[in-house]
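For reference, the structure is listed below as structure tokens.
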Amino acid sequence: MNETAMRARAAIDLAAVRSNVRALRGRAPGAELMAVVKADGYGHGAVPCARAARAAGASWLGTALPEEAFALRAAGDTGRLMCWLWTPGGPWRTAVEQDIDVSVSALWALREVTVAAREAGRRARVQLKADTGLGRNGCQPDDWPELTAAARDAESAGLISVTGVWSHFACADEPGHPSIAAQLAAFRTALAVAETAGLRPEVRHIANTPALLTLPEAHFDLVRTGIGVYGISPAPEVGTARELGLRPAMTLEAHLASVKRVPEGHGVSYGHHYTTSGEVTLALVPLGYADGIPRHASGSGPVLVAGKRRTVAGRIAMDQFVVDLGDDTALPGDRAVLFGPGDRGEPTAEDWAQATGTIGYEIVTRIGSRVPRVHLDSAPETGVPAAAGSRDMGGTG
Ligand SMILES: *Cc1c(COP(=O)(O)O)cnc(C)c1O
């Protein structure tokens, strides 16, 4: 018996990760696939998910932070790996030494990475990012000729290789949004300018999960997919996970800490925003906002307890919340499932997103470090260990 699993756990099915990567590759057959494993694999455990994604054919991994990329190298990953969120000071040199593709959006970053390459005594792998309309990172069109020319000079000097030219969509999760076509056109222009500067990147890429699923003309050489790897739809407009052939990998569950009968008119949790409508059974779920359960789900979050879908009764507290079972019965220790794949009566992370006015991305990434991640494999493959093991998980949140 695993005693740490008795309160609550997030179980991650690595077979679902593999099957999602295969399904996504099938939707973009002409492109390579980058599995985005930033933010600890969207809360699922970066290292085991990265391994599962590699096993299913992801030839690239992507992270936001350099530290996240270093953790993958430390865990033994030797494949193509890119990270894109840099601030002055780096750590560029470690990235160069570890053969990690770094994103550059401005001259200051190009200068810093060329200095690091000179110090490291090897070429940096640099991917230039164009702002085609997102207004976040990326080089503005007016500055792009200067950045691409400077990058070409650094390449000629033997300090860098420009391995990629890339960008990111603002509204790919709203199919038909006019900004999508405008960004695609701006990206083609940016590619042409880079080519005129003499750059011959290995990969050109702009598609995230929603663009991969809805916009084949955006696939180019590589698709960067995050949320789809974990089996969650990027947005209801794009389709449900099931419609998209994806399977949610994470199941968040807890064991009831208390079950008791209370009389009619009994207040429930802080502020007494819920009062029992008769004599009922209350069940206590030992997960709260310190575990990443949104406090906004007070009175609205769905949960499977005692065979039925119920709703959180009253306020979600730091460590716990209450569910009203009416006249149904349960025992302390019985399982409560907050979300999972959705095929055994349990809600999904997308249901929680709808209940709280957010997106599935936020529901899974916010699950706290106090909740152990346990990696399982519902469909072990030959040569793949039957259980990945919960200790081999590269961080917990
Ligand atoms: C997070 C991220 C992605 C992945 O987006 P999904 O919608 O999860 O597929 C791709 N590219 C960049 C730059 C990102 O920051």
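In listed order, ligands and their atoms are each counted from 1. Just so you know, these numbers come straight off a predicted model, no measurement behind them.
Contact annotation for H168 and ligand 1: only side-chain heavy atoms (C-beta onward) come within less than 4.0 Å of the ligand. Contact annotation for A64 and ligand 1: no heavy atom of the residue comes within less than 4.0 Å of the ligand. Using a 4.0 Å cut-off between heavy atoms, Y230 makes no contact with ligand 1 at all.
Note: no N/O pair closer than 3.5 Å links P210 and ligand 1 by distance alone.
H44 contributes a side-chain N or O that, together with a main-chain N or O of Y42, makes up a donor-acceptor pair within less than 3.5 Å. In this structure, the side chain of D143 does not engage the main chain of Q140 through any donor-acceptor pair within 3.5 Å.
The existence of a salt bridge linking D328 and R310 is confirmed by a sub-4.0 Å separation between a basic side-chain nitrogen and an acidic carboxylate oxygen. By the 4.0 Å N-to-carboxylate-O rule, R373 lies too far from D40 to be salt-bridged with it.
The protein heavy-atom contact nearest to atom 9 (O) of ligand 1 is T209 OG1, 2.4 Å. Looking only at heavy atoms of the protein, atom 7 (O) of ligand 1 is closest to Y361 OH, 2.6 Å. What sits closest to atom 11 (N) of ligand 1 on the protein, heavy atoms only, is R224 NE, 2.9 Å. Of all protein heavy atoms, the one lying nearest to atom 2 (C) of ligand 1 is K38 NZ, 2.6 Å. Nearest protein heavy-atom neighbour of atom 8 (O) of ligand 1: Y42 OH, 2.6 Å.
R7 and H255 share no side-chain donor-acceptor pair at under 3.5 Å. Side-chain N/O atoms of T225 and T209 include a donor and acceptor closer than 3.5 Å. Counted by atom type alone, S161 and R125 present zero donor-acceptor pairs between their side chains at under 3.5 Å. In this structure, a donor-acceptor pair under 3.5 Å is present between the side chains of R224 and H168. Defined by atom type and a distance below 3.5 Å, a donor-acceptor pair is present between the side-chain atoms of E32 and S59.
Per-residue contacts place I227 under 4.0 angstrom from the following atoms of ligand 1 (heavy atoms of the residue considered): 6 (P), 8 (O), 9 (O). Of all atoms in ligand 1, listed by their number and element, those nearer than 4.0 Å to a heavy atom of G226 are 4 (C), 6 (P), 8 (O), 9 (O). Heavy-atom proximity to W166, at under 4.0 Å, picks out these atoms of ligand 1: 13 (C). Atom numbering of ligand 1 starts at 1 in the shown order; those under 4.0 Å from a heavy atom of N208 are 5 (O), 7 (O), 9 (O). For ligand 1, the atoms closer than 4.0 angstrom to any heavy atom of T225 are 9 (O).
Note: W84 and W166 have tilted aromatic rings, judged against thresholds of 30 and 60 degrees for the angle between ring planes.
Distances shorter than 4.0 angstrom do not occur between any heavy atom of G62 and any atom of ligand 1.
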